[in-house]
Amino acid sequence: MQIDKALRIIALSLVVVISGLSGLIHLAQANTSTTLNQTINPGSLTMDFKDNSEVSTTTSVTFGALAVSATCQQTATSSLGSATQRIWIDNLNAANNGWTVSIGAATSSLWHNVASTSKYDFNDAGGAGCTDGDADTFGGQMFIDPTAATIATGSVPTTMTGVSAGAATAFTSAASNVTLIQAAAGSDDIGKWKAYGFGVSQKIPANQSSNAYSFDLTVTIVAN
Amino acid sequence: MTSKKLVLLNFSLFLLLAQAAGAVEYGGIGGRPAYPRPDNQRTESIFIHSIELGETKKEGIKVLNNTGEEKTINLYAVDSVVSSGGAFSCAQLGDAQSDVGNWIKLTKTEVTLKPSTNEVVDFSITAPANADVGEHNGCIILQEKKKSAAQGSGIAINFRTGLRVALMVPGDIKKNLEIVEMKVLKDATKITYSPSVKNTGNVSIDATIKILTTNLFGQVIVEHGGGYPILRGQRSDWNFELANPYWGGWFKSSMFVSYDIDVKTEIGKSSGNIKTLAGPAVWFFVMPAPLALLVELAILVLLFTLLIYVFVRLNRLRVIKKTWQLTSVSENDDILSLAKKYDVDWKLIAKINKLEAPYTIKTGQKLKLPPN
């Protein structure tokens with residue numbers, strides 16, 4: 001009798017435990033059928049200056065100090081971007097026929113000191129960049145060399161198909177934009193690229209006064 | 001779901017997961033047309049309209065903030081400008097706008113967007129009554145509102161994104177391209193192909209440029225090119241690079257340009273009526289790499305030596321055939337004694353007389369042997 005009773009208790013316990021487990025399994029199954037919602041925002045064509053961790057950062061192009069010279073022999077050279085600070089381009093299905101990255105300055109821009117009392121030009125071809133030959137009264141010319149840049153894919157499976165550097169070009173009064181990178185229609189519609197090391201040089205006119213000069217350039221990306 | 005959408009979904013999920021790891025910005029700020037037309041896929045990337053003189057069109061731009069921070073974005077319309085090489089670009093804010101930049105009126109010039117949000121900004125485009133027939137281009141610019149980095153000297157760099165606005169004023173539309181030239185420039189490390197094409201019409205043309213480089217045997221070793229817009233009245237130049245072929249040699253590069261000549265076909269569509277222009281072919285020689293040059297010289301020397309060897313052997317056989325005479329083998333002669341007697345290698349006697357091992361010869365057998 002004692003054994004029968006013990007067996008009945010064990011059997012009842014098993015029924016309870018199995019029922020409980022069954023309920024838990026059903027609950028789990030019910031949970032797996034929960035609908036997951038994920039919103040994917042539409043992509044865009046964007047460009048920014050970022051470090052290697054892809055954190056946005058500000059940038060400038062700095063030149064080494066030069067001495068005042070009585071002759072127009074000096075060319076300040078530098079480059080846009082470095083191996084640790086690059087231009088990043090994202091095309092998230094927003095430019096399906098290629099895109100262009102160009103650099104330009106406002107047509108009335110000039111290199112200037114803080115007080116704007118001393119200036120020189122960036123787009124004057126007069127005297128090979130040494131003398132004034134355009135509408136303003138200042139000499140000086142800037143030269144951009146995209147062929148010196150390193151352009152690479154920024155992610156897998158992006159490819160370099162159809163992506164090429166522009167030609168080395170000097171700013172003139174008739175050419176205020178220089179093409180840095182061009183992507184053909186056959187380039188990846190979804191992809192990420194990074195670039196740095198665009199050559200920048202500036203011809204300094206003779207007798208330019210000693211000062212710290214600054215200038216603004218705008219890099220534009222546009223879908224073709 | 002198309003493969004493109006799957007790739008975009010995977011890419012977005014990857015970015016989403018990566019974004020949780022730190023303050024990394026993916027996607028940035030940008031925009032796209034708010035009301036793309038289903039009949040023209042290109043309207044998902046740029047604004048395309050046919051607009052009569054004096055007509056006003058309504059449009060909208062979807063401004064996106066796909067970063068992890070709130071952003072204030074400035075919007076403004078500008079004319080298009082031609083960048084170096086004939087590429088499309090956008091005028092500066094401070095420039096005088098006399099074309100499309102002046103035809104566009106935005107309902108907002110500044111929007112502030114929370115992370116991962118977007119907003120549609122409507123605008124209108126009105127073509128003036130005196131606009132020229134043909135295509136007019138401009139841009140709507142999106143630029144984050146932020147102070148320029150403080151600097152004492154040097155160049156401050158600002159970034160912006162433009163959306164092209166292509167407007168067609170109907171009338172006498174002309175579509176025509178001309179090949180200007182094809183240059184092949186060489187330096188120590190690479191070959192640069194520089195084709196130039198001029199658009200002599202009054203609308204932009206989406207052209208396909210193809211440069212085929214073949215070797216001396218006519219095999220295509222590389223193909224360059226792609227599809228590019230060539231703006232009205234402009235000359236476009238490109239630079240395609242090829243690392244100097246390691247083994248060097250003579251090559252020929254030929255240029256081809258294809259475009260749709262149907263004047264009624266708008267940007268982004270194709271009528272199938274394609275015209276192909278063939279440009280000049282350029283022959284050029286590339287020096288092999290130093291090691292390749294050594295290997296090639298070694299192979300040449302080897303081939304030359306082999307050639308001389310074969311020539312000598314053939315000449316010897318010719319002389320033998322001409323001078324050796326059929327002679328009867330005497331008693332007690334064998335191939336070794338004959339070789340000694342005529343002062344030649346016994347193997348040569350065996351070869352000329354097609355004797356096989358064990359090279360036994362019989363008395364009276366006729367053999368070709370050197371003259372006495």
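Bear in mind the structure is a predicted one, so any value in this text is a computation, not a measurement. Each chain gets a letter, A, B and so on, in the order the sequences are listed, and its residues count up from 1.
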I'd like to know if the side chain of A:T153 reaches the main chain of A:W193, judged simply by a donor and an acceptor atom lying under 3.5 Å from each other, with no hydrogens or angles considered. no
Here the pair of heavy atoms bringing A:S187 nearest to A:V163 is CB-CG2, 4.2 Å
Which of B:E266, B:E44, B:E59 passes salt bridge (Lys or Arg N to Asp or Glu O under 4.0 Å) with B:R37? Answer is B:E266
Under 4.5 Å to a heavy atom of chain A? For B:N137 that would be neither
Okay, A:I144 and chain B: the region with an atom under 4.5 Å from a heavy atom over there is neither
Q.
Looking at A:D48 and A:S56, would you say the former's side chain and the latter's main chain have a donor-acceptor pair under 3.5 Å?
A. no
In short, A:I204 meets A:Y120 closest at the heavy-atom pair CD1-OH, 3.7 Å
The interface call for B:I157 against chain A, heavy-atom contacts under 4.5 Å, is both
Most heavy-atom pairs under 4.5 Å with chain A, out of B:S89, B:G85, B:P33, belong to B:S89
To the nearest 0.5 Å, atom OG of A:S109 lies from atom CZ of A:F122 at 6.0 Å
If one checks every heavy atom of A:T220 against chain B at 4.5 Å, the contacting part turns out to be both
Honestly, the part of A:W88 sitting under 4.5 Å from a heavy atom of chain B is neither
For B:E69 and B:N65, the nearest pair of non-hydrogen atoms, with its separation, is O-ND2, 2.8 Å
Per-residue tally against chain B (heavy atom, under 4.5 Å) across A:A165, A:A94, A:G104 peaks at A:A94
Bottom line for A:L180: the part with an atom under 4.5 Å from chain B's heavy atoms is neither
Pair count under 4.5 Å, heavy atoms only, with chain B: among A:T100, A:N224, A:V178, highest is A:N224
Bottom line for B:R164: the part with an atom under 4.5 Å from chain A's heavy atoms is both
Pair count under 4.5 Å, heavy atoms only, with chain A: among B:G268, B:P229, B:G226, B:G162, highest is B:G162
Value for CG (B:D237) from NZ (B:K183), rounded to nearest 0.5 Å, stands at 7.5 Å
Okay, A:T218 and chain B: the region with an atom under 4.5 Å from a heavy atom over there is both
Interatomic distance, CG@B:L231 vs OG@B:S204, rounded to 0.5 Å, equals 6.0 Å
The interface call for A:A175 against chain B, heavy-atom contacts under 4.5 Å, is neither
Cut-off 4.5 Å, heavy atoms of chain B, and the answer for A:V200 is side chain
